[in-house]
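To keep things clear, I will list the structure first and then write my remarks on it.
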Protein chains: 2
Amino acid sequence: MKSENSQKPHDRMAAWLASDMEAVNTLIRTRMASEHAPRIPEVTAHLVDAGGKRLRPMLTLAAAHLCGYEGPYHIHLAATVEFIHTATLLHDDVVDESGQRRGRPTANLLWDNKSSVLVGDYLFSRSFQLMVETGSLRVLDILSNASATIAEGEVLQLTASQDLATTEAVYLQVVRGKTAALFSAATEVGGVIAGAPDAQVRALYDYGDALGIAFQIVDDLLDMQGDPGATGKNIGDDFRERKLTMPLIKAVARADTEERAFWQRTIERGKQEDGDLDHAIALLHKHNALIDTAAEARRWAAKAREALAPLPDHDIKGMLSDLADYVVERIR
Amino acid sequence: MKSENSQKPHDRMAAWLASDMEAVNTLIRTRMASEHAPRIPEVTAHLVDAGGKRLRPMLTLAAAHLCGYEGPYHIHLAATVEFIHTATLLHDDVVDESGQRRGRPTANLLWDNKSSVLVGDYLFSRSFQLMVETGSLRVLDILSNASATIAEGEVLQLTASQDLATTEAVYLQVVRGKTAALFSAATEVGGVIAGAPDAQVRALYDYGDALGIAFQIVDDLLDMQGDPGATGKNIGDDFRERKLTMPLIKAVARADTEERAFWQRTIERGKQEDGDLDHAIALLHKHNALIDTAAEARRWAAKAREALAPLPDHDIKGMLSDLADYVVERIR
């Protein structure tokens, strides 16, 4: 399934969208600035400069081009999506108390919880202003619904963590909220702003949804097997935070009595000791939980590719298809 | 300036708007619910039930009626405004680490910082959905700008606190952000949804702005002289959090060398000891900082009253005028 082109699909897309992405970056820097509160760009700069892959704004730009858009507002929407993403990261910093994010110290270590919450709120409100400027009520409807789904998913994750009764269905809802909702909104609004027919808009939504789910499953998988150099995250963060991700849910479902007691102690009661993470990973291997999770991720990636069928032929279409493969190629 | 009517203006307005307020409360309860995340209403219930005075949504309803509105969307906008307010309180809980809020334990003591941040985000996104439903881009523009001003004001407050160089001009910007921006948006959108002429919309904005400023100045004043039974807040919270509010700014400006050293130790360096709050209050009295702050609050209340001039004659108009007086009557 590997693309014949040796360049990563993400990089090819970035090259294709280079001038748009420059406009997005300029807009982001302009709108991040605050005349009255200079601390705001200080807090956001290290997040925005580290930059991640800018995957979400690229999806919006790609969807708009794929549907033949020639207006200016896909830039606004791409910046909107990145602001929402960055705000979510800032609020996650408060939440997760994880030690690093995108390979740098989190904002709340550089600054504090207060700044993370309030600057996150500032970015949310900025994103809101940007989308109002597009003048499209349908876009506002999609993004307001996505925002609610994101927040709901984060709260659901909170209540589901530490709970060994969490099912894969609940996990999927959490993943839709924390990741897929913004992916699908990003692609959908690209089609909507281009005035694409309903079938195409729906296809873009389905693609973003499936891609986001595949992406998050892989992320959760790498948390239990990746190396921190590659992901910029610590291994075992989710285990330490007692999150029920797909690999864990599968291993718990297949646990014998002794193993169940281990999960109850480490996840439910949170009494973790040295060596527990290694033992947890060994149990995941023993029950094929990692292999089966990888298979699920590949299934979602295939769904994403198939969703593209109703969309017009276009360079971008091939890149989006390859991107779905690439997301699961991160699995070792 | 006391109203001849013995009933409080706030209560008269609540009576006049009773059926509308019932519709707002129903809408709030409906939209607060979350199928997937039952913790959300648990966290918000104690805030929404305690209810405060529901001042902000009443302002929206009042403005809409005053301008002759007969449609359904003032209810949505009133609920929007209350959701934004409640979300801000939840995020303030994370920020302030204050022990009580509206006379009850804060959400982060009942639950935790995580819930406060995420449920606040949920309410923001719900408010966003509600305003999109009105279908008015102008309303969306006003409320998105207000959101940005609110967030900016909160961050500005963060950077201004502990800084003895904070001027009254910076204080005013903070107050506009943390309080007046939502008051003025609440009244303005009431006029906009009613299709009121520009002069009336502007008058409603000016009224809300001045009322909000008066309201916040009084709040900051009561923090240094109120009793916790009346305000539901601890005395001296702002002093302990090293916030430069108007009374403090005035006292610092008039401080002699010894007093300046006191402010530097307690506010800049945050080394506070038993008896410091009493000494701070004594210094405020010595320099007439409380009396002069009260005079400023009354000046803004008068401005609010005068702003109402362009608006049509209406029962509500008298109540809004009396409300401006009532806000400053809380000063003892």
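The shown structure was predicted, so the numbers you read here are calculated from the model rather than taken from an experiment. Heavy atoms only: backbone and side chains are in, while hydrogens, waters and symmetry mates are out. Just so it is clear: chains get the letters A, B, ... in the order the sequence lines come, proteins before strands, and each one is counted from 1.
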So which bits of residues 175-191 of chain B come within less than 4.5 Å of chain A, counting non-hydrogen atoms only? none

Within residues 132-145 of chain A, which positions have a heavy-atom distance to chain B below 4.5 Å? V132(A), G135(A), L137(A), L140(A), D141(A), L143(A), S144(A), N145(A)

Salt bridge (Lys or Arg N to Asp or Glu O under 4.0 Å) with R269(B): which residues, sequence neighbours excluded? none

For E268(A), which residues count as a salt bridge (Lys or Arg N to Asp or Glu O under 4.0 Å) partner, sequence neighbours excluded? none

Taking atom CD1 of I150(A) and atom CG of L118(B), what is their separation to the nearest 0.5 Å? 11.5 Å

Shortest non-hydrogen separation from S125(B) to A148(A) and the atoms involved: OG-CA, 3.1 Å

Between atom CZ of F128(B) and atom CZ of F128(A), what is the distance when rounded to the nearest 0.5 Å? 5.0 Å

For a side-chain contact (heavy atoms from CB on, under 4.5 Å) with D121(B), tell me which candidate from H91(A), E154(A), E152(A) qualifies. H91(A)

